[in-house]
Amino acid sequence: MIKVTEQEVLEVIRNTLSLQKDTLTIESGAHNIEAWDSLGHLGILSALDKLFNGEIAPIKEVAAADSVSKILQLLDKHSLIDTKK
Amino acid sequence: MNIEIKAIEYYLPLRTEDGKTLTGDNPDWRIAEIEQKTGILTRHVAAIDQTATDIAALAAEKLFVSGIEKEEIDFLILITQSPDYVLLTSACILQDTLGLKKSCIAFDINLGCSGFVYGLAIGGALCESGFGKNGLVICSETYSKYIDKSDRVCRPLFSDAAAATLLGSATSDNLGPFELGTDGSGFSDLIVRSSGARNANKNSEERRLFMDGAKVFMFTMDAVPQCVMNLLKKSQKTIDDIDLFVFHQANKMVIYNIIDKLKIPKKIFLNSHRVGNTVSASIPIALKDALQQGCLKKGDQIMLIGFGVGYSWGGCLIRWGDM
């Protein structure tokens, strides 16, 4: 099973939404990032699935995770976050 | 199965909508971004008084103009989720409209984007079991009638169209195997909630198409690669053995995700930029376009994969014939 750090997840979301550095924090989400609209969200899901080599697709709850904190919580719940690094 | 696709014709409604149309109705939409991600630039919209049965007839008549005899049609399978009436099989109306013989078997299949593959499976099985030698599998949809002008999720994607496919007995094994599946737990993610007996008295909002794009996308990312791999295993083939993959033309983002996951190199056909997501009609329309653009030749091994509303999915292999 692939594990990544919180920072790597943030970087993938930032790159997918073409955001400037430091504009994405743990507080960010569809509610305060304009590019995180419905299509932006699909882009994030696709990028995360790629990051985790296809292990995200079966986790259906990720579809509704529309903020950084919700995504990190879900990934952590499924033991996909590396907390040791 | 000793069955082959003998002919395909399609009809696209004359009225089209592009980015300008969408921003005219919705000035706040970032249309360039939507088009870049979906890859869909133009969609067709049926006239107010034009139904899926009407455009199905127009597609089928093109087959008959090309020399196919109506007397030869033993069955008619109409795949649609936009029937003229909830209670009345649209295929029966179509049998009469087209002037097909009264011994013709006619029925509807209520499936969306997986529908064409199911139509091939059932049509092929009808031929193989002696119910007829030739039949029509017609995919026809007018989702536009369920979509509000301000619906940013559905309107940029779905397009109205009909495709008529002549299926018939052959002397060699050209169709199959199939990989069909269902996961009804996702039924509420793509639905017109008050389109039938349940919720019949709900307000007009409930009569519109609802799609939870993120959930449908997750389903696609999970189910479609598995369907492809299961089909390859079942047929004892590898990706390299397939000459062309024709996926349901959902949109660019979905298809690129699938081919990225499966590492399919440049062996896909895409035409959704021109015709949009035409639901069950998308695969036969793509096959016809691929043929006309020289992307198909006799003997090619093609994989067809449909997936979507239900959730439902279906894949099959076809060996391209003389069409």
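The analysis underlying the following values was restricted to heavy atoms, covering all of them including side chains, and did not include hydrogens, waters or symmetry mates.
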Which atoms of B:Thr220 approach chain A - backbone, side chain, both or neither, heavy atom under 4.5 Å: neither
Non-hydrogen atoms of B:Ala214 and A:Ala63 that approach each other most closely: CB-O, 3.4 Å
Verdict with supporting geometry, B:Phe217 and A:Ser46, side-chain contact (heavy atoms from CB on, under 4.5 Å): CA-CA 9 Å; B:Phe217 188 59; A:Ser46 178; 3.7 Å; yes
Under 4.5 Å from any heavy atom of chain B - which part of A:Ile44: neither
Minimum side-chain heavy-atom gap A:Leu39-B:Glu33 below 4.5 Å: no
Under 4.5 Å from a heavy atom of chain B, the part of A:Glu34 involved: both
Nearest heavy atoms of A:Ala57 and B:Lys261, plus distance in Å: CB-NZ, 3.7 Å
Note, A:Lys50 side chain near B:Asn257 side chain (heavy atom, < 4.5 Å): no
B:Phe210 atom CZ: more than 12 heavy-atom contacts under 6.0 Å: yes
B:Lys233 atom NZ: more than 12 heavy-atom contacts under 6.0 Å: no
Nearest non-hydrogen partners of B:Met218 and A:Val62, listed with the distance: CE-CB, 3.8 Å
Contact summary for B:Arg152 and A:Asp37, nearest pair of heavy atoms: NH2-OD2, 2.9 Å
Heavy-atom neighbours of A:Glu11 CD exceed 12 at 6.0 Å: no
Interface moiety of A:Asn53 toward chain B, non-hydrogen atoms closer than 4.5 Å: neither
Heavy-atom pair with the smallest gap, counting every atom of A:Leu42 and B:Met253: CB-SD, 3.4 Å
Candidates B:Asp222, B:Asp183, B:Asp212 - the one meeting salt bridge (Lys or Arg N to Asp or Glu O under 4.0 Å) with A:Lys60: B:Asp183
